[in-house]
Amino acid sequence: MIDAETAGVIVMLIGFYGMLTKENLIKQVLAINVVSIGLVLFFVGTGYVEGANFAIAPNENMVDPLPSTLMLTTLVVDVAITSLALALILRMGREEI
Amino acid sequence: MIPLIVALPLLTAFLIYLALPIGLRRIVKPLFLAGIFSPWFIFLILVGKSHLSEVVGGWSRVSGIEVAFDFYNVYFILAELILFSLVSLYSITYFKHRSVEKVYVLMLLMHAGLLGAFVSRDLFNYYIYMEIASVSSFALTGLSEEKGAKGAAFKYLIFSLLASYFFVFSIGLIYLKTGYLNLKLIGENFTPSRELNAALGIAFTSLLLKAGIFPLHFWLPDAHSKAPTPISALLSGIVVKAPLYGMLMLALTFPLDEFLKKALLLIAFSSMFFGIAMALLQMDAKKLLAYHTVSQLGYILLGIATLNFYGAIYHAFAHALFKGGLFLSVGTLINAQKTKNLKELTYRHDKILMMSILMLSLAIGGISPFIGAFSKKQLLNGLVGCELFYLAGIGTLVSFAKLNYYLLTPGKAERGDSLQRAVSITLAFITLGFGIYFLPELSLKNDSLNILAALILFYVLKKMGLFRIKMKAKFGKLGREINFYSAVFALLLLLFLLKLF
């Protein structure tokens, strides 16, 4: 079995492959979203501790909560930028695509 | 105290949107100006003290976010404040949109984002604030009515986003290896390893893409030349400095690998010359300035690669002032004469803009007593390959000889807006003032030799017909262009990883 970090990196590379090969602008936006999903998976994986409990205060042995919290922020940025990218594609109209 | 410098513009951005639904449209403009100018108070209170740092909310350094105000960022913040103050005055007469408050709010967000990135000493916090600034810049670039502006904004967005994700990935690797995000704690606790080296390689490559340094410059000329003029000044002047500040912080925290230093030096020099060569071929006034940004960013990277942080910081400061000024001055001409073609533009009838563009051209060429002379002198400390450095200086002067030559030829005599002209000349005098403050001596002999060499070279190039070459667009479709340049980024990333891991 591979761990979550490796899986995350692989998903990121799949997204990057999409950036390299797809000509359609909307597909490129989707490809970059795949990169971001891979990144989230990678980060969540870095906080994972084998056999640990969830991260609520009086726990002795718990997973590292910080990476997951960071990813919440990244996801927010991601949503904002995806919507902006799609809006730009709409505004470009037919002539430029 | 330090976090307030970020909080004030954010607060006013929020208040503007609160004021609209209750019918207080007339206070939008005062609120906007208040948001832009209020960080000055915090700055003036803090500036006398040295080495300030604090953790937001009084947490311990391990769990909180540290912000600082010291030598390494004071000049970035000062340049940011000067540029934003002047550009905000400029944009009041420039933007005539129906819903102009959108532009104001986005500019305030950019202001807050940049200030936040510059005070931050925490990797993730730095990334978030840089992202806030970038998202506003994408939207502001896309606001331009010019043909192709939306495409340029899209290209800027995609590459900046790709770079951000890889940067965050490298932050993740650093966190995995050291257990901290705070730069000071990382610096105290890390042990050198292959993984850390690889993380640094990824971080530097992605920041190079975000800054727009050759060979990862492809989004920059389009985005910077097609954005509305005040936004171009901000993008070229200060937004591209945020990634460079990140590189500076990384270089201060980690000892850089020998290969990485050599590679950065090579990239810096090639960026300097590539920018100049492309600028010489441009007939579009704003694109010429945008290519000069690529070249000048090479100078700043040179300072980072040779670990000459003083040089890098001073040149970043100088570049923000003169490039912002150049974009505003040339943009005022473009705005009045409704063309971007150098052959049709002229400043002959307008003595104020003529003076301002001439002064700023001398500043970017490194002629004393302007600030460019001082920062270039700082960059020369401990540098091997001085000849190349001087050559790049002459190249810059040649290209600005071209700009001024074409602007001198007579054309339509239309004056621009008087406030816009006043702002342009103010920036020119600020570069002169700081130049005299830092280095109050003239080096007449060197400078006149440089200018003479540049003029002769310009004449020869003009006779050879270099300026008649027309550049054609290489890619039919935007999608294919993005594919190609992503591949360039992938190759550079791979090269760094293979060498460093």
Side-chain angles (χ1 to χ4, degrees), chain A residues 5 8-9 12-13 15-29 31-48 64-67 69-93 95-97, chain B residues 62-63 122-125 127-128 130-132 134-136 138-139 141-143 147-162 164-177 179-181 475-491 493:
Chain A
E5 286 104 311
V9 174
M12 271 181 90
L13 290 178
F16 203 12
Y17 171 78
M19 290 284 298
L20 295 173
T21 50
K22 295 292 170 220
E23 261 181 48
N24 188 320
L25 297 187
I26 294 178
K27 280 187 184 164
Q28 284 174 351
V29 175
I32 213 154
N33 278 346
V34 174
V35 174
S36 107
I37 298 293
L39 183 72
V40 172
L41 187 55
F42 169 78
F43 257 81
V44 173
T46 60
Y48 179 70
D64 184 0
L66 188 66
T69 348
L70 298 182
M71 279 309 104
L72 280 181
T73 329
T74 305
L75 283 175
V76 173
V77 174
D78 197 32
V79 170
I81 301 192
T82 306
S83 56
L84 184 61
L86 294 176
L88 280 173
I89 293 176
L90 274 179
R91 280 290 194 87
M92 262 188 260
E95 75 223 85
E96 285 178 35
I97 300 175
Chain B
V62 180
S63 47
D122 178 285
L123 282 174
F124 199 79
N125 191 48
Y127 152 74
I128 288 297
M130 190 164 64
E131 235 16 46
I132 293 178
S134 319
V135 175
S136 333
F138 309 146
T141 310
L143 272 177
K147 190 173 174 297
K150 308 286 188 291
F154 183 77
K155 203 159 65 169
Y156 179 19
L157 182 149
I158 284 284
F159 284 118
S160 191
L161 195 57
L162 188 66
S164 291
Y165 286 144
F166 276 89
F167 181 62
V168 181
F169 176 64
S170 71
I171 294 179
L173 284 177
I174 292 174
Y175 180 73
L176 201 62
K177 278 283 133 194
Y180 297 108
L181 292 168
F475 303 94
K477 281 180 178 172
L478 184 59
R480 202 168 296 161
E481 195 177 341
I482 291 175
N483 291 155
F484 178 76
Y485 288 131
S486 309
V488 175
F489 176 59
L491 279 179
L493 205 61

- Message: Less than 4.5 Å to any heavy atom of chain A: does that hold for the side chain of Leu162(B), its backbone, both, or neither?
- Response: both

- Message: Do Phe154(B) and Val29(A) have side chains that approach each other closer than 4.5 Å (heavy atoms only, starting at C-beta)?
- Response: yes

- Message: Heavy-atom cut-off 4.5 Å, strictly under: side chain, backbone, both or neither for Lys27(A) against chain B?
- Response: neither

- Query: Contact part of Asp64(A) toward chain B, heavy-atom cut-off under 4.5 Å: side chain, backbone, both or neither?
  - Reply: side chain

- May I ask you to test the Met71(A)-Val168(B) pair for a side-chain heavy-atom distance under 4.5 Å? yes

- Query: Is there a side-chain contact between Asn483(B) and Met19(A) (heavy atoms, below 4.5 Å)?
  - Reply: no

- Leu161(B), part contacting chain A, at a heavy-atom distance under 4.5 Å: both

- Query: Are the side chain of Glu131(B) and the backbone of Val77(A) linked by a donor-acceptor contact shorter than 3.5 Å?
  - Reply: no

- Proximity breakdown for Tyr127(B) and chain A, heavy-atom pairs closer than 4.5 Å: side chain

- Item | Segment of Tyr175(B) engaging chain A (4.5 angstrom heavy-atom cut-off) | side chain

- Give a yes or no answer on whether the side chain of Asn24(A) reaches the backbone of Gly479(B) with a donor-acceptor pair at less than 3.5 Å. no

- Contact summary for Ile171(B) and Phe43(A), nearest pair of heavy atoms: C-CZ, 4.5 Å

- Query: Does a side-chain heavy-atom distance below 4.5 Å link Leu176(B) with Glu5(A)?
  - Reply: yes

- Item | Region of Val9(A) in contact with chain B, defined by heavy-atom distances below 4.5 Å | side chain

- Residue pair Phe16(A) / Phe166(B), side-chain heavy-atom distance below 4.5 Å: yes

- Message: Distance check, rounded to the nearest 0.5 Å: Arg91(A) atom CZ versus Lys150(B) atom NZ?
- Response: 5.5 Å

- Query: Side chain, backbone, both or neither: which part of Ile158(B) has a heavy atom under 4.5 Å from chain A?
  - Reply: both

- Item | Contact class of Ile132(B) relative to chain A, heavy atoms under 4.5 angstrom | neither

- Applying side-chain contact (heavy atoms from CB on, under 4.5 Å), run through Leu478(B) and Met92(A) and close with a yes or a no. CA-CA 11 Å; Leu478(B) 184 59; Met92(A) 262 188 260; 4.0 Å; yes

- Who among Leu157(B), Leu173(B), Leu181(B) has the most heavy-atom pairs with chain A under 4.5 Å? Leu157(B)

- Message: Need one label for Phe124(B): side chain, backbone, both or neither, based on atoms under 4.5 Å from any heavy atom in chain A.
- Response: side chain

- Note on the structure: The interface call for Leu20(A) against chain B, heavy-atom contacts under 4.5 Å, is both

- Query: For Thr46(A), is it the side chain, the backbone, both, or neither that has a heavy atom closer than 4.5 Å to a heavy atom of chain B?
  - Reply: both

- Task: Report the option among Gln28(A), Met12(A), Lys22(A) that has the most heavy-atom pairs separated by less than 4.5 Å from atoms of chain B.
- Result: Gln28(A)

